[in-house]
Each structure stands twice: as structure tokens, then as C-alpha cells.
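Here is the structure we will look at, set down as C-alpha cells.
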Amino acid sequence: MTTATLIKKNMKWNFKNYFLYFASMIFIIMIVYTFNSIQYNEQVLENINTSMTILMKIGAVFIYIFAFIFMWYSNNFFTRNRKKEIGLYSMLGVSKKQISRMLLAENILLGIGALVLGVLLGTMLSKFFVMLLFNLMSKYIEVDFSFSMYALITTGIIFGSFFVILGVHNYMIIYRFKLIEFFNAKNKREKEPKGSAIIAITSLVMLISGYFIAIEQAMKMDFLMYTLLVLILVIGGTYGLFSSFMVFYGKLRRRNRKNLYKNMNLINTSNFIYRIKSNSFVLGSIAILSATAITAAGMSSSFYYQIGLDASGEMPYSYAYKITDSEFDQHVDDVLSSQSDHKVVYDEIGEIKSGTVDIEIDGVSNNSSMVFLSQSTFNKLADFNNLEKINLNNTESLFLVSPRGYNFAKGLKSVQMPNGDKISINEMKQKNVISSISNIYSMVLSDETYGNLSDIEKVENLRFIEVENENSAQDLTKSLLKIFEGREDGSYEYRLESSEMFYNAQMEVRGMLMFVGIFIALVVLISTGSMIYFKLINEAEEEKTRYNIVRKVGASRRDVFKSIYSQMGAMFIFPIIIGLAHAGFALGALSKMLKKDLIIPTIVTMAVYVLIYGVYYILTVYKYNKTVNS
């Protein structure tokens, strides 16, 4: 019998097993190709800047990593199911070299087929995802259907490399195992795991310590040291939790003789102990990957959710610019008066002074540019910004900082002026009454102290304008920008600052961040769900005989179904609970660092994640029950 004949018969007889593996490859290739086609899409490249291109490339690297992990697990499950078949070929005299060639040829055929179908599906979906990306970026562009040769080549190279690695791995498996091991591979059951109380307690201590440091030491420790310490404690604690604590917990349950012999509890408890131990690495990995996906999606959706709030904090007026001459102002007035849909509802002028000062934050001195306002100017702008008017003496000051600079400035205690005077910070507000695009920090002084600032570099008058319906004032903004054309010198001096432009710029950046975050989360979610599905369904084949014995000694099919329902629930619930806990503390630490309320986006993200994961649970229970209880 030739190798080609063997391949043909194998693929015909093992269609069921091939289909699961083949379908998983099609899916992951489709995802990777879709993301690659977006990266190389001409319309996308025309509408994003360099930083967003880099963000896409970073996202692609993460997707490639998760794709390889998914392919590795899928291949291992597929190969494990075929070890008895490989042993049978060896017993019939087929050489290991011929078997290796057969498996390599099969993988190549499957890979080519999966690549073709994955690319076709990805091509059909790419337009939808480009439309989604533009929608998140608030860009209303008619998307053309396109096929990217660069995406095809990149996807082919990536998965070609994956198939080579997996082929070498399979080759090593065939040469490493003995004939008897192939026959016993699916029937081999591990010895009962012991479960160490010391490791169980240590894993809990590590997790609690990691959570405590994540929340309480945010912004207090060196960021690199903080991140490494939290990751080591949480990841180490997670694997210890599944490899030892869960086993220890199962054995404690088994000691409860009163409930152990009720219904199917004896079988459920014993299987729980064996499954947790044998699947500890997979379940721990799923918990960590799930936490990563939820954190990425929660963080990106939170930033997107708060665009409006952050935009109003950074740029409180529709337009702001530096007054240079009366003739230029008249041109601006002419444009404003021509817009009936965007009438001016607020028009004020405020004087500011700016320069470089020495600031001391947490005992460390730095040079920083600073904008100064008089108390009179602040009070003039306070009503529009919903702030209380103030009354400062010559030794007092109010420090205003934009949302993006608050974490850095919250330790600020004093400012040393160019003339040597040191002014203490009496109060700090995360608010701006001028455009923070020009400067992140501004300091309000008494009129007398402000008037004595003689060594400051610049004294300027800024004009602040608010118009009706500013979110739809694109045409007005374009008309105003034409006045400023030719006056741009690289600084804000001759620049129009617009809340609408700032908002759209944030929509582009955060929309891209959300798209990449959700894409990564989707890949991880489906990958981890498929990993545990494949793992448990493969185990179902091994459990057929045992469940047949259980039914013969009196258990009904309903009892068996309840047992399966309970055992599968434990395999799904524990990793997702741990993953949600990890993500919750990670997002909590992020919320504390950024001084942002991330509760609503986090809850929504977690709810969606649990819902999709629940679908995998239902499918697994159905398939497992059909396999062992039919």
C-alpha cells in the first residue's frame, strides 16, 4: 500500500476527527488573514497616521502569538486521537519514516485547504471589519471591496512557518514513542494526584498578594518593578491554584462521607480531581488568557466610552486661538456670522502668561512649562465652566491640570517662580478653563501676584468661542481653518484649536485602540473556548467505557447527564471566574492610575465574555453527553 493510498483512506475514515482540526485551522487562518487585509487596506492606510499603523502591527503580533498557541493545542489534540492508529500501522510493518511522511503530507493537504478556505472567508469578512473600524473611528467612508496580495503572502508565510514547526513536532512524537505507548495513549490514566496543602496555601497567598499590590501600590512603585511583581504573583498563583489547590479542595469534599455517596457525587468528585490535575496547565492558561482578553477589551472600550468626557476636559470651548491683530479677528467674526446653524453663544478674551518654572513632585525637581492666569481672568471664565469663583490672597494658588496630566501632577506641592519665589499649591482641580491642548498645566494667582510676574516669557490674549451644535460644525471648522492657512509655524501661536477636531482625533485613536482590543479579545475568547472544547470532547472518547459501567450498575441516563453537566460546569466556571477576578483587579488598578471610572464598560465587557463562553459550555455539554450517554 502506497503512502498516497494511506493518506486517502485515512482522510476518508477519520473525517470526524479531521473535520474538527480542519475547521479550527480555517477559523484561525480566516481571523489572521482578515486582520492582515485590514493592515494593508489602502483606504485604511489613507485614513490613519503612523502611530495607529504601529498599533495595528503590535495587535497583529499578539494575534499571531495566540494563533500559534491555538494551532499547537489543536494539533496536539488531533495527534493524541491518532496515536492508536499510528501504533497499528507500526505493528503492520509500516516504517516510522513512512508514517512521518504520511502525517506530514496530510498536514500539508489540510493546511493548503484551510488556507484557501480561510482566505476566501476572510476576504468576504474584511469589508465588514473595515466598515466597523471606520465606524468606531467616526469616519463615514464608503468602503470598497478589495483583495490584498500582501495579506495573502503574509498569512501564507506565518502559517507556513506554523505548519513546519508542527510537522517537526509530530515527527518527533512518532520517533520518541514506543509501539505499546501508542496503543495505551488514550487509555492511560494518571495516578491519583496528591495535591499539596503547602502549594495550595502558597498559591492563595500569591494571588491575594498580587491583587493587593495591583490596587494599593499603583503609582507608588516603579512601574516596571510593579508590573513584573504583579505578573509573577498572579501567574504563579493561578497555576498553583489549578495544579494543587483545586485538587486539595476536591479531596476535602471527598472526605465528607455524608454527601459523597449521594446520587453521582462519588463519580463527580473523583473525576473532578483527576480532570483538574490533568488539565491544570490548560485551565490555568485559559484563565490567564481570558484575563488578558477581558482587560484588553475592557481598557479599550473604557477609553472609547469616555471620549466625550475627556474631550470636554481637555478642550472646554468650541474654538480657541491667540489674538494677533484686529484685522485677523474681523475675518474670524465674518466667518462666524455667516453660520446661521452655529450661532455664537459665548465669546470671551482672557490674558495668560507662560514660561518655564521649577516644580517639585514627590521630592523631585523638574523644569516644566506653565501657564498663569489671574484671579480676575479665572472668575470671568468660571461661570461658563461650572466652577465656583475664588478669592485668593498673595500666598495662595489654584492649580488646574488636564485629565491626561493629573496622575503626574497629583504629587505637586509647590512651584518656584523665575524670580526665586516659591508658591505653594493650595488646591488642585482636574479641570481647565483654557485649552489644555496648548498646555497641560495652568496656575491661578491673585491679581497682585500675577501682576508681579515680570520674568515670564510670554504675555498673550486668547479668545474662547462657543457655538451652537458644535459636534456638527465641520463646515464652520473648515472655513475657519482656511483663515489660519499660511500662519502655521509649528507652534500653537497661529493655530486654531477646535473641540470638534480634538474629539475626532480622539475618536480615530481610541476607535483604533478599541478595534484592536476587541479583535484580540475575540481571538483569545474563541481560541480558549475551542481549546477547552477540544480537550473535553477528546476526553469524552476515553470516558465511554466508564460511563457504560456506571449505567450498568443502575445509573439512569438522566443521572449521567446531570453528572456531565456538573463536571463540565466546573471545567468552565473555575477558569472564567479566576480570569474575571484577574481582569477586575487589573482594570481596577488601571482605573486608579488614570483616575477614570471604568465600571460600566468593564461590566459590559465581562457580561459579553461570559455570554459567549456560556455558548461553548452548552455546546460541550451537548457533545459530551451525546458521546458518552447515547
Side-chain angles (χ1 to χ4, degrees), residues 24 27-28 30-32 34-35 59 62-63 65-67 69-70 73 125 128-129 132-133 136 207 210-211 214 230-231 234-235 237-239 241-242 279 282-306 510-536 568-591 596-622:
S24 67
F27 162 76
I28 204 66
M30 176 191 72
I31 291 293
V32 171
T34 300
F35 198 84
F62 278 101
I63 290 173
I65 293 172
F66 292 134
I69 294 172
F70 180 53
Y73 275 103
L125 288 175
F128 166 77
F129 280 106
L132 176 62
L133 173 61
L136 290 173
L207 280 178
Y211 291 160
V230 171
L231 287 176
V234 171
I235 293 175
T238 301
Y239 284 114
L241 191 75
F242 283 103
N279 295 321
V282 174
L283 297 178
S285 299
I286 288 173
I288 292 168
L289 290 173
S290 297
T292 303
I294 295 170
T295 302
M299 180 188 68
S300 58
S301 60
S302 297
F303 287 164
Y304 192 82
Y305 176 76
Q306 295 192 339
R510 300 190 192 194
M512 174 65 76
L513 181 64
M514 185 174 181
F515 179 81
V516 174
I518 291 178
F519 214 97
I520 291 174
L522 180 64
V523 171
V524 175
L525 169 61
I526 298 179
S527 298
T528 52
S530 299
M531 283 163 55
I532 194 169
Y533 173 83
F534 288 147
K535 180 71 173 173
L536 294 175
M568 297 303 101
M571 295 297 103
F572 275 87
I573 289 172
F574 282 117
I576 194 63
I577 287 178
I578 300 301
L580 289 172
H582 291 353
F585 278 95
L587 290 169
L590 185 66
S591 175
K596 293 181 181 295
D597 183 5
L598 309 182
I599 293 177
I600 294 178
T602 299
I603 291 175
V604 172
T605 301
M606 289 182 173
V608 172
Y609 201 93
V610 170
L611 180 64
I612 299 176
Y613 217 69
V615 173
Y616 273 101
Y617 168 63
I618 293 171
L619 290 175
T620 304
V621 169
Y622 170 78

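Values below: all heavy atoms of this structure, side chains included; hydrogens, waters and symmetry mates excluded. Keep in mind that what you see is a predicted model, and the values were worked out from it rather than measured.
One distance of note links CD1 of I578 with CD1 of I573; it measures 12.0 Å at 0.5 Å rounding. Distance CZ/F572 to CG/L283: 9.5 Å, rounded to 0.5 Å. Within the model, atoms CG of L525 and OH of Y616 stand 6.5 Å from one another, a figure rounded to the nearest 0.5 Å. With rounding to the nearest 0.5 Å, the separation of CG in L132 from CZ in F515 is 6.0 Å. Atom CD1 of I63 and atom CD1 of I520 lie 5.5 Å apart (nearest 0.5 Å). How far OG1 of T34 is from CG of L125: 5.5 Å, rounded to the nearest 0.5 Å.
In summary, the aromatic rings of Y613 and Y617 are positioned with their centroids too far apart to meet the 6.0 Å limit. Taking the six-membered ring where the residue is Trp, the centroids of F585 and Y211 are separated by under 6.0 Å.
In plain terms, the two heavy atoms of S290 and T528 that are nearest each other are OG-OG1, 4.3 Å. Annotation for T238 and A287: closest pair CG2-CB, 4.1 Å, computed over non-hydrogen atoms. Residue I28 comes nearest to A67 through the heavy atom pair CG1-CB, 3.6 Å, listed as atom of the first residue, atom of the second, then distance. Shortest non-hydrogen contact noted between A293 and A521 is O-CB, 3.5 Å. Taking every heavy atom of both residues into account, I518 and S300 meet most closely at N-OG, 4.3 Å. Residues I294 and L587 come closest through the heavy atom pair O-CD1, 4.3 Å.
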Would you tabulate the side-chain donor-acceptor contacts of residues 598-608 under 3.5 Å, counting partners in other chains and residues two or more places apart, or write 'none'?
residue, atom, partner, partner atom, Å
T602, OG1, L598, O, 2.6
T605, OG1, S301, OG, 3.4
T605, OG1, P601, O, 2.7

Could you check H582 against T292 for side chain to side chain contact (heavy atoms under 4.5 Å, CB included), going step by step and ending with a plain yes or no? CA-CA 8 Å; H582 291 353; T292 303; over 6 Å; no

Going through the checks in order, is the side chain to side chain contact (heavy atoms under 4.5 Å, CB included) test met by I576 and Y609? CA-CA 9 Å; I576 194 63; Y609 201 93; 3.5 Å; yes

Apply side chain to side chain contact (heavy atoms under 4.5 Å, CB included) to F519 and I31, showing your working. CA-CA 9 Å; F519 214 97; I31 291 293; 3.7 Å; yes

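Residues Y239 and I288 are in side-chain contact: their nearest non-hydrogen atoms beyond the backbone lie under 4.5 Å apart.
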